[in-house]
Amino acid sequence: MSYLEAKEKYALLGVDTDKAIEKLKTVPISLHCWQGDDVVGFDQKGALSGGIQTTGNFIGRARTPEELMADIDKVISLVPGKMKLNLHASYAIFEDGFADRNELEPKHFSKWVQFAKKRNMGIDFNPTFFSHPMVKDNLTLSSPDESVRSFWVEHGKRCLKIAEYFANETGMPCVMNIWIPDGYKDIPADRLGPRERFKKSLDEILSVPYNKSKVFVTLESKVFGIGLESYTVGSAEFCMNYVANKGIMPLMDNGHYHPTEVVSDKISSMLLFNEKLALHITRGVRWDSDHVVIFDDETREIAKEIVRANALDRVFIATDYFDASINRISAWVTGIRSVEKALLYALLEPNDKMKQMQDKADFTSLMVMHEELKTMPFSDVWAQYLKRTNTPANYLAEVKKYEKEVLEKRQ
């Protein structure tokens with residue numbers, strides 16, 4: 001079926017496909033840099049820690065800033081729409097001597113700023129509270145060791161200044177997300193103490209003055225991690241209450257909840273009590289496994305909830321996963337395209353009409369509409385979106401070519 005035929009079919013439902021495509025062009029997706037190098041970063045040589053794990057050993061992992069930037073460029077060429085860059089602090093680039101995480105300065109990210117500005121991209125940022133010798137007994141901001149806790153507090157403060165530097169340089173707001181892996185493998189004797197220390201640490205980090213119209217500080221919870229199964233300091237309840245108390249922004253990662261919980265069901269509640277909301281979109285398989293995002297039910301439901309709430313300008317969307325078992329470029333592109341597909345799918349629903357059916361308790365018509373939408377010619381509208389953004393439809397051929405010409409030579 002051609003796009004014009006698809007357009008006519010959607011028009012019968014009251015949906016303007018051209019309007020949906022144009023709207024999607026304006027929605028930025030924050031591309032996570034850590035897919036390209038398996039979350040290794042450039043500031044340490046130790047193993048990945050913090051209750052997270054990358055599996056696989058596919059050829060071509062980015063080993064230098066230049067290789068990672070080249071890979072990101074390739075990804076940008078294969079995904080439609082508007083992109084931001086999402087960095088972890090561990091991706092600092094040291095040109096005039098090493099600086100530990102409690103010594104980081106904006107100059108250590110100047111090359112990333114140059115990269116982003118040339119591509120008209122904003123930058124989001126994450127302090128890195130893992131994979132470092134100062135993670136003591138699996139604790140950082142909640143550590144009872146004051147030297148450890150103060151080290152990570154200073155890291156957070158430094159990152160806040162770097163985030164403001166990104167916003168000033170790129171002219172676009174920077175989302176700075178705080179997530180810590182702190183917790184215990186087995187049943188703790190004291191659950192309150194670590195959370196008191198975490199709260200104190202966050203208060204100290206946020207004591208640093210910053211421009212709240214340019215930097216949006218977020219706090220991300222987690223249900224558990226590998227080796228931290230029994231107790232997580234930054235639980236959903238802690239983070240939700242802290243955010244509400246301090247007036248910062250919540251960030252929900254859909255891999256960071258119990259497997260029977262879904263973020264799509266939480267979005268509407270969070271939007272009622274928060275001006276803005278941030279999401280890390282991933283795919284958990286049985287646990288927070290950070291599988292590559294695909295065009296699955298939950299990704300579509302997340303997108304639907306954002307669109308139905310008319311909140312595309314209130315929700316910051318980022319991808320977050322890492323798979324080393326397949327071509328990393330393909331993993332990146334597949335995930336980002338899946339998020340954009342989900343958003344387009346949501347924009348092609350007759351949401352006002354469906355809300356009226358619900359309010360009139362016409363659940364029969366609502367069910368039929370839900371089922372009818374599943375077989376609408378969505379793929380033709382997606383193809384048109386790719387065409388209008390000058391994005392190749394068959395990205396696998398480009399990925400394979402890059403693998404042969406670039407990735408294989410990194411062996």
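Everything quoted here is computed from the prediction, not taken from an experiment.
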Rounded distance [0.5 Å steps], [atom1] in [X] versus [atom2] in [Y]:
X      : Y      : atom1 : atom2 : value
Glu340 : Leu344 : CD    : CG    : 9.0 Å
Arg388 : Leu24  : CZ    : CG    : 11.5 Å
Asp288 : Asp290 : CG    : CG    : 4.5 Å
Asn245 : Asn241 : CG    : CG    : 8.0 Å
Leu348 : Lys304 : CG    : NZ    : 11.5 Å
Arg308 : Leu347 : CZ    : CG    : 11.5 Å

Do [X] and [Y] have side-chain atoms, one donor and one acceptor, less than 3.5 Å apart?
X      : Y      : value
Ser201 : Arg149 : yes
Glu105 : Tyr165 : no
Asp18  : Tyr3   : yes
Asp203 : Tyr242 : yes
Thr218 : Asn177 : yes
Tyr402 : Asn327 : no
His256 : Ser221 : no

Atom pairs and distances, donor-acceptor, side-chain atoms in residues 269-281, under 3.5 Å, two or more places apart:
residue, atom, partner, partner atom, Å
Asn274, ND2, Met270, O, 2.8
Lys276, NZ, Asp313, O, 3.2
His280, ND1, Asp320, OD2, 3.2

Heavy-atom closest pair, residues [X] and [Y]:
X      : Y      : answer
Lys161 : Pro209 : NZ-O, 3.1 Å
Arg328 : Asp323 : CG-O, 3.9 Å
Ala318 : Asn86  : CB-ND2, 3.9 Å
Glu204 : Lys157 : O-CE, 3.2 Å
Leu386 : Ala393 : CD1-CA, 3.9 Å
Ala99  : His108 : CB-CE1, 3.5 Å

Main-chain N/O of [Y] paired to [X] side chain as donor or acceptor, under 3.5 Å:
X      : Y      : value
Thr170 : Met172 : yes
Arg197 : Ser142 : yes
Thr391 : Leu78  : no
Lys25  : Lys82  : no
Ser235 : Phe238 : yes
Thr299 : Ile294 : yes
Asp253 : Thr282 : no
Asp124 : Val175 : yes
Arg63  : Arg410 : yes
Arg101 : Ser90  : no

* To do: Run the ring-centre check on His370 versus Phe363 and record whether the distance is less than 6.0 Å.
  =>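 No - the distance between ring centres of His370 and Phe363 does not fall below the 6.0 Å cut-off.
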- Task: Indicate, with yes or no, if the rings of Phe42 and Phe94 have centres closer together than 6.0 Å.
- Result: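 Not close enough - the centres of the two rings lie 6.0 Å or further apart.
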With Lys222 as the cation and Tyr257 as the aromatic partner, state whether NZ or CZ is under 6.0 Å from the six-membered ring centre and within 45° of the axis.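 Cation-pi check for Lys222 and Tyr257: fails.
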If you draw the axis of the six-membered ring of Phe115, does the NZ or CZ of Arg119 fall within 45° of it and under 6.0 Å from the ring centre?
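Because its charged atom sits under 6.0 Å from the ring centre and within 45° of the axis, Arg119 does stack over Phe115.
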For [X], enumerate each residue passing the ring pair (Phe, Tyr, Trp, His ring centres under 6.0 Å) test, keeping only those at least two apart in sequence or located in another chain.
X      : result
Trp152 : Phe129, His132, His155
Phe166 : Phe109, Phe125
Phe378 : Phe295, Tyr345
Tyr395 : none

Listed by chain and number, what are the side chain to side chain contact (heavy atoms under 4.5 Å, CB included) partners of Leu4, not counting sequence neighbours?
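With sequence neighbours excluded, Leu4 shows a side chain to side chain contact (heavy atoms under 4.5 Å, CB included) to Ser2, given in chain and number order.
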From CA spacing to verdict: side chain to side chain donor-acceptor pair (under 3.5 Å), Tyr184, Asp137: CA-CA 9 Å; Tyr184 293 111; Asp137 301 322; over 6 Å; no
Do the non-hydrogen side-chain atoms of [X] and [Y] ever get within less than 4.5 Å of each other?
X      : Y      : answer
Val148 : Leu139 : no
Tyr10  : Pro377 : yes
Glu154 : Ile205 : no
Glu220 : Cys239 : no
Lys341 : Trp382 : yes
Met69  : Ile93  : yes
Gln384 : Thr17  : no
Phe151 : Val135 : no

Exercise. What's the verdict on ring-ring contact (aromatic ring centres under 6.0 Å, His included) for Phe322 and His32, showing C-alpha distance, side-chain angles and the deciding distance?
Worked result: CA-CA 9 Å; Phe322 30 94; His32 63 300; 7.9 Å; no
- Task: Could you check Glu349 against Leu373 for side-chain contact (heavy atoms from CB on, under 4.5 Å), going step by step and ending with a plain yes or no?
- Result: CA-CA 7 Å; Glu349 286 194 337; Leu373 287 167; 3.8 Å; yes
Check your understanding: Does Arg158 pair with Glu103 as a salt bridge, N-O distance under 4.0 Å?
Key ->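 Between Glu103 and Arg158 there is no salt bridge, as every charged N stays at least 4.0 Å from the carboxylate O atoms.
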Using the rule side chain to side chain donor-acceptor pair (under 3.5 Å), only one of Glu305, Glu298, Arg300 pairs with Ser264; which is it?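 Single side chain to side chain donor-acceptor pair (under 3.5 Å) partner of Ser264 among Glu305, Glu298, Arg300: Glu298.
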Taking it one step at a time, do Phe130 and His88 satisfy ring-ring contact (aromatic ring centres under 6.0 Å, His included)?
CA-CA 11 Å; Phe130 56 84; His88 250 288; 5.2 Å; yes
Does the side-chain contact (heavy atoms from CB on, under 4.5 Å) test come out yes or no for Thr140 and Met134, once each step is laid out?
-> CA-CA 7 Å; Thr140 61; Met134 283 298 280; over 6 Å; no
Report task. Verify the neighbour count for atom CG of Asn120: are there more than 12 heavy atoms of other residues, nucleotides or ligands below 6.0 Å? Result ->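 Count not over threshold, so no.
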